[in-house]
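Reviewing the structure listed below.
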Amino acid sequence: MNPTPSDEPIGYDPSAVEGKWQQSWQERDTNTTDVASAPDPYYALMMFPYPSAEGLHVGNLFAFVGNDIYGRFQRLQGHNVFEPFGYDAFGIHSENYALKVGKHPMDLIPQNIANFERQVQRSGLMVDWTKKLSTTDPDYYKWTQWVFLQLLKQGLAYKKQAAVNWCPSCKTVLANEQVVGGACERCDTPVEQRFLSQWFFRISDYAQRLLSNLDGLDWSETTKTAQRNWIGRSDGAEISFPVKKNASGDVIRVFTTRPDTVFGATYLVVAPEHPMVATLTGGVNKSAVDQYLARSAKQDVVTRKSSTEKTGVFTGAYATNPATGKDIPIWISDYVLMEYGTGAIMAVPGHDERDFEFAKVFGLPIVRVVCAEGEEPSAPLNEAFTENERGIIVNSGKFDGMTVATAKREIVRMLEEKGAGHPVVNYRLHDWCISRQRYWGPPIPIIYCDDHGAVPVPEKDLPVVLPYVEDFKPDDSGVSPLARHEDWYRVPCPECGKMARRETDVSDTFLDSAWYFLRYPSVGIDEVPFDSSITKKWLPVDSYIGGNEHAVLHLLYSRFVTMVLHDMGYIEFEEPFKRFRAHGLIIRNGAKMSKSRGNVVIPDHYIEKWGADAFRTYLMFLGPFEEGGDFRDASISGVKRFLDRLWASVHSAVDSQPMNSVGDPGVMRKLHQTIKKVGDDISRLSYNTAVAAMMEYMNALRRGERSPSRVEVEPLVQLVSPFAPHIAEELWEKLGHKESVFNAGWPVFDQALAADERIELPVQVNGKTRGKLSVPRDITQDDAVAAALAEESISKFLGGPAKKIIFVPGRLLNLVG
RNA sequence: GCGGAAGUGGCGGAAUUGGUAGACGCGCUGGACUUAGGAUCCAGUGGAGAAAUCCGUGGGGGUUCGAGUCCCCCCUUUCGCACCA
């Protein structure tokens with residue numbers, strides 16, 4: 001006789017079990033991957049974290065566990081899984097924090113990493129710790145500097161004086177991507193404009209390739225969309241407007257996506273920073289223009305980009321509209337941006353909202369050149385008519401009557417014949433500014449020599465080590481703190497040996513993370529950044545999981561760097577991540593977790609109380625992995641109860657039953673259905689439903705106080721192992737196995753055992769469910785109808801004979817009266 | 001403004017192709033065991049109704065034998081981008 005469940009000791013002590021197995025994994029190298037000779041490599045990568053001083057929070061853990069489950073599942077499928085871990089520890093975030101607490105980042109970061117690592121280890125990830133990296137390690141950033149030199153070699157790194165975003169609080173330049181709504185992404189301070197000499201990467205050269213390749217990637221659709229929008233391809237034309245005033249043959253080139261409206265271009269507008277402003281401006285207008293330029297130069301970027309109020313000034317000059325032959329005035333306004341297109345536009349107030357507004361403010365002519373069907377060409381415009389789907393061209397000479405699409409093509413052809421225009425594709429994507437006037441980053445490996453200019457540091461001299469300096473605080477000078485350390489920056493020129501000066505700026509953290517996935521498998525190899533045969537074996541990354549906040553920046557930069565290294569012949573692939581899935585965000589009380597809200601959850605005490613296994617499983621159970629969910633500690637107990645019942649079931653099965661016990665047919669059917677479902681669900685990261693399926697099976701195992709037998713419960717240990725690895729190992733051992741459960745493979749799914757021979761067939765009358773019939777799975781339509789009509793509770797809804805019968809074999813019967 | 005995602009019980013959420021709406025868990029209710037239970041186990045649990053039955057997936061239309069799922073309009077929330085010509 002089996003003991004009744006209520007007499008069993010229920011519940012187990014997670015900390016003892018988890019400590020035991022974490023130690024065992026370490027001693028037995030269970031999680032170490034043989035990168036050199038693994039026969040069936042699978043690279044399961046997660047985005048490496050910034051090791052903050054607060055430590056790991058549940059948002060990090062949610063992502064790591066999601067990846068870990070996927071990696072462990074792939075291992076159970078027979079792959080040699082490589083799951084590395086590292087730290088993205090350079091950057092403003094670390095540095096600002098170090099300043100705040102009055103410590104040096106070189107002292108602080110190792111402490112943070114140690115704390116972080118303790119937490120990560122405690123959560124039971126299948127990480128190969130022999131391949132750990134930190135971007136702040138000279139052995140790593142040596143190669144980050146090498147990457148910079150490769151881009152330089154390819155002509156893809158260049159220095160230019162440019163208007164850059166300057167955060168007066170962080171005292172550094174920000175990339176366009178780090179400016180959110182005109183303010184610093186990090187501290188919300190309004191960003192100012194400064195003119196500094198900066199290093200840029202020519203990512204815009206790769207815009208089309210970065211865009212086209214997206215189609216072939218197995219990535220979350222939302223991420224691909226974000227990248228497409230960021231790259232921002234727009235098809236249009238460049239049109240030249242000869243300047244009337246001077247005889248030197250100057251032309252103003254404009255970019256437009258609406259060449260079909262060129263007959264309605266009644267004035268031109270150039271950006272205040274446009275190089276031709278000075279030559280255009282004459283006599284009486286000069287003082288007004290100077291005033292306007294001074295005003296907009298002073299204005300911070302926030303106000304300029306956020307206010308839609310139109311301001312501007314007339315230059316006094318005119319240009320000729322190549323379509324109409326008429327002279328039109330040239331204005332200056334800050335609603336035209338120098339960084340997009342040519343920095344000049346043709347204004348078509350009839351068909352562009354911004355131009356319309358501007359024309360209204362300054363009383364400029366508004367001409368209609370597009371009509372809706374049935375509308376009079378002379379109909380006045382009370383607002384810009386921008387609907388181009390149904391638009392018909394009017395007041396445009398021989399082009400009248402054409403659709404917008406046709407006119408676009410024909411008018412560009414006409415302009416081309418006149419030499420006044422040609423089709424052009426423009427991208428929103430700008431070159432990547434990588435200079436940072438800060439301390440905490442890899443020094444850019446350049447030496448400035450009076451005779452030889454900017455000389456790259458020879459590769460043999462890498463790394464250019466970031467020196468330990470006490471005063472690493474940035475100042476308002478616009479140069480890095482390293483520029484205050486002459487003993488560091490005074491070095492001989494590599495070309496001629498004459499005293500020269502190091503570049504004192506450091507590079508953007510996004511450069512650190514743009515290639516780390518290439519390094520992981522080759523960690524420990526000092527001669528090269530990534531060994532070619534190991535790289536060929538492990539890359540591109542098979543599965544990459546990370547946050548959608550990096551949908552644009554990190555993922556785009558990584559793709560760019562990978563393409564460049566591919567073009568240089570270092571690697572054989574040009575896309576680094578075959579498959580990418582963005583995980584969701586864990587929120588708390590309906591709000592995003594943040595320090596300012598004080599709702600950040602640190603996992604430590606949850607793990608202490610419930611165990612890592614229960615906590616991991618709970619995180620995966622609280623909502624769809626790709627959407628995230630609300631963290632509420634209320635329902636952890638349900639998951640722990642599930643693990644307790646698993647524990648009790650295995651113990652009772654092993655302790656009180658013979659080895660050759662047989663399973664109940666109904667339970668075994670459910671088991672095989674569960675094996676199938678859990679495997680399918682994990683494959684598509686539907687972890688919450690996988691957990692639900694296992695719980696459902698557990699309910700079936702113990703329904704009516706039955707004691708499950710060994711064959712019923714043993715495979716469940718394997719199914720649960722990706723989620724709750726420690727208890728799975730313990731129970732696997734209890735079941736008599738000597739090897740790790742992660743070397744045991746996935747339970748074999750038997751289709752025949754999973755099939756139900758009888759099913760509950762829902763019967764509808766006129767589309768409303770009126771009953772269920774227990775019938776053989778392969779029942780014929782006639783038999784099903786007969787059985788349905790025999791049921792008084794069903795047939796009573798059907799007045800007479802059924803006029804129509806819809807029968808979906810095995811699924812449903814619908815009788816239409 | 002543009003683009004994406006989403007609105008389902010008291011709560012978190014299921015429903016892979018149009019086919020039993022509410023799996024699984026929390027909570028709640030009842031019971032068992034117990035000196036006790038905020039432990040454990042079993043069972044029940046969308047709403048209304050004594051029942052038959054009716055009503056139910058943000059709101060309103062539509063397609064269909066059948067709609068949470070498809071189409072049109074509207075409302076709400078949320079995340080990106082935003083004077084990009």
Side-chain angles (χ1 to χ4, degrees), chain A residues 4-11 180-182 221-223 225-226 228-230 232 234 236 254-258 261 269 304-310 333-337 339-348 352-355 357-358 426-428 430 548-549 551-552 585 587 590 592 618 621-624 627 629-639 641-642 644-645 648 677 680-681 684 686 688-699 702-705 760-772 793 796 802-806 808 811-817:
Chain A
T4 58
S6 54
D7 293 331
E8 290 169 15
I10 192 99
V180 176
E221 220 31 66
T222 53
T223 312
T225 304
R228 285 192 189 103
N229 292 342
W230 189 262
S234 79
V254 306
F255 173 73
T256 179
T257 55
R258 296 294 306 275
T261 62
V269 188
R304 170 158 177 182
K305 288 209 171 177
S306 57
S307 95
T308 54
E309 206 177 303
K310 296 289 176 289
S333 174
D334 64 5
Y335 85 91
V336 173
L337 308 174
E339 71 250 30
Y340 186 77
T342 60
I345 61 154
M346 66 174 204
V348 185
D352 181 282
E353 282 165 23
R354 298 151 302 179
D355 298 344
E357 238 182 277
F358 190 82
N426 230 310
Y427 298 91
R428 209 189 72 109
H430 298 312
N548 228 356
E549 69 273 18
V552 177
L585 226 57
I587 57 172
K592 198 168 155 177
Y618 166 65
F621 185 60
L622 58 70
E627 284 162 40
D630 207 340
F631 184 92
R632 300 169 315 132
D633 24 359
S635 37
I636 302 177
S637 59
V639 172
R641 189 146 38 230
F642 165 69
D644 284 339
R645 300 196 320 154
K677 173 145 180 72
D680 288 352
D681 284 355
R684 56 189 182 97
S686 184
N688 55 335
T689 55
V691 175
M694 291 187 284
M695 288 175 164
E696 210 177 322
Y697 179 57
M698 177 64 74
N699 290 341
R702 296 174 70 89
R703 180 152 295 132
E705 309 202 1
E760 292 278 293
L761 183 74
V763 181
Q764 299 182 339
V765 178
N766 295 324
K768 285 192 167 178
T769 305
R770 296 302 186 181
K772 291 168 200 170
S793 61
K796 72 175 175 185
K803 292 196 192 82
K804 189 172 171 186
I805 293 163
I806 287 116
V808 186
R811 299 217 61 162
L812 149 138
L813 174 67
N814 186 7
L815 305 170
V816 182

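For clarity, every value in this text was computed on a predicted model and none was experimentally measured. We name chains A, B, ... by the order of the sequence lines, and we start the count at 1 in each one.
In this entry B:C81 has B:G1 as its Watson-Crick or G-U wobble partner, both defining distances falling under 3.5 Å. Within the shown strands, B:C11 is the pairing partner of B:G25 under the Watson-Crick or G-U definition, both distances less than 3.5 Å. A 3.5 Å limit on both hydrogen-bonding distances identifies B:U40 as the Watson-Crick or G-U partner of B:A32. The partner of B:C54 is B:G47, by the rule that a Watson-Crick or G-U pair needs both atom distances under 3.5 Å. Pairing for B:C65 goes to B:G19, judged as Watson-Crick or G-U wobble with the two contacts each under 3.5 Å.
Within the structure, every side-chain polar atom (N or O) of A:Asn688 is placed at least 4.0 Å from both OP1 and OP2 of B:A23. Regarding contacts with the backbone of B:C65, a side-chain N or O of A:Lys804 is found under 4.0 angstrom from either OP1 or OP2. Distances shown here put a side-chain N or O of A:Arg428 below 4.0 Å from the OP1 or OP2 atom of B:A82. One finds a side-chain N or O of A:Arg641 lying less than 4.0 angstrom from the OP1 or OP2 phosphate oxygen of B:C26. Taking 4.0 angstrom as the limit, A:Thr769 places none of its side-chain polar atoms (N or O) nearer than this to OP1 or OP2 of B:G66.
For the P atoms, the distance linking B:U63 with B:C72 amounts to 15 Å, nearest Å. Spacing of C1' atoms, B:A36 relative to B:G46, comes out at 36 Å, to the nearest Å. Going from the C1' atom of B:U77 to that of B:G58 covers 11 Å, rounded to whole Å. Rounded to a whole angstrom, the distance from the C1' atom of B:G4 to that of B:G38 is 45 Å. Remark: the separation of the P atoms in B:G27 and B:U16 is 28 Å, to the nearest Å.
Regarding A:Arg645, its CZ atom lies at a distance of 10 Å from the C1' atom of B:C42, rounded to whole Å. One interatomic measurement links the two molecules: CG of A:Leu585 to P of B:U77, which rounds to 20 Å at whole-angstrom precision. Counting to the nearest Å, the C1' atom of B:U20 and the CZ atom of A:Arg811 are 10 Å from each other. With rounding to whole Å, A:Ile636 atom CD1 is found 21 Å from B:G38 atom P. Residue A:Leu812 contributes atom CG, which lies 10 Å from atom C1' of B:C65 at whole-angstrom precision. Look at OH on A:Tyr340: it is 4 Å from P on B:A85, rounded to the nearest Å. A straight line from CD of A:Glu760 to P of B:G19 spans 19 Å, rounded to a whole angstrom. Residue A:Asn814 contributes atom CG, which lies 15 Å from atom P of B:U64 at whole-angstrom precision.
Using a 4.0 Å heavy-atom distance criterion, A:Glu696 is classed as a sugar-phosphate-only contact. Backbone-only engagement by A:Leu622 is indicated by non-hydrogen atom pairs under 4.0 Å involving sugar-phosphate atoms exclusively. Among the atoms of the strands shown, none is found under 4.0 Å from any heavy atom of A:Arg228. Counting any heavy atom pair closer than 4.0 Å across all strands shown, A:Asp355 reaches no nucleic acid atom. Among the atoms of the strands shown, only primed sugar atoms or phosphate atoms (P, OP1, OP2) are found under 4.0 Å from some heavy atom of A:Lys768.
No more than 12 heavy atoms of other residues, nucleotides or ligands shown are found within 6.0 angstrom of CD on A:Glu353.
Distance from the side chain of A:Ser637 is smallest for B:C26 among the nucleotides B:C42, B:C83, B:C26. For A:Phe255, whose side chain is taken as the heavy atoms from C-beta onward, the closest listed nucleotide among B:C24, B:A14, B:A85 is B:A85.
Within the 3.5 Å criterion, the main-chain N or O of A:Gly767 finds a donor-acceptor partner in the side chain of A:Asn814.
Checked against the 6.0 Å centroid threshold, A:Tyr618 and A:Phe631 count as a close aromatic pair.
By the rule that a glycosidic angle within 90° of 0 means syn, B:G9 counts as syn.
Counting distance only, with no hydrogens placed and no angle test, the side-chain atoms of A:Lys310 and the base atoms of B:C83 include a donor-acceptor pair under 3.5 Å.
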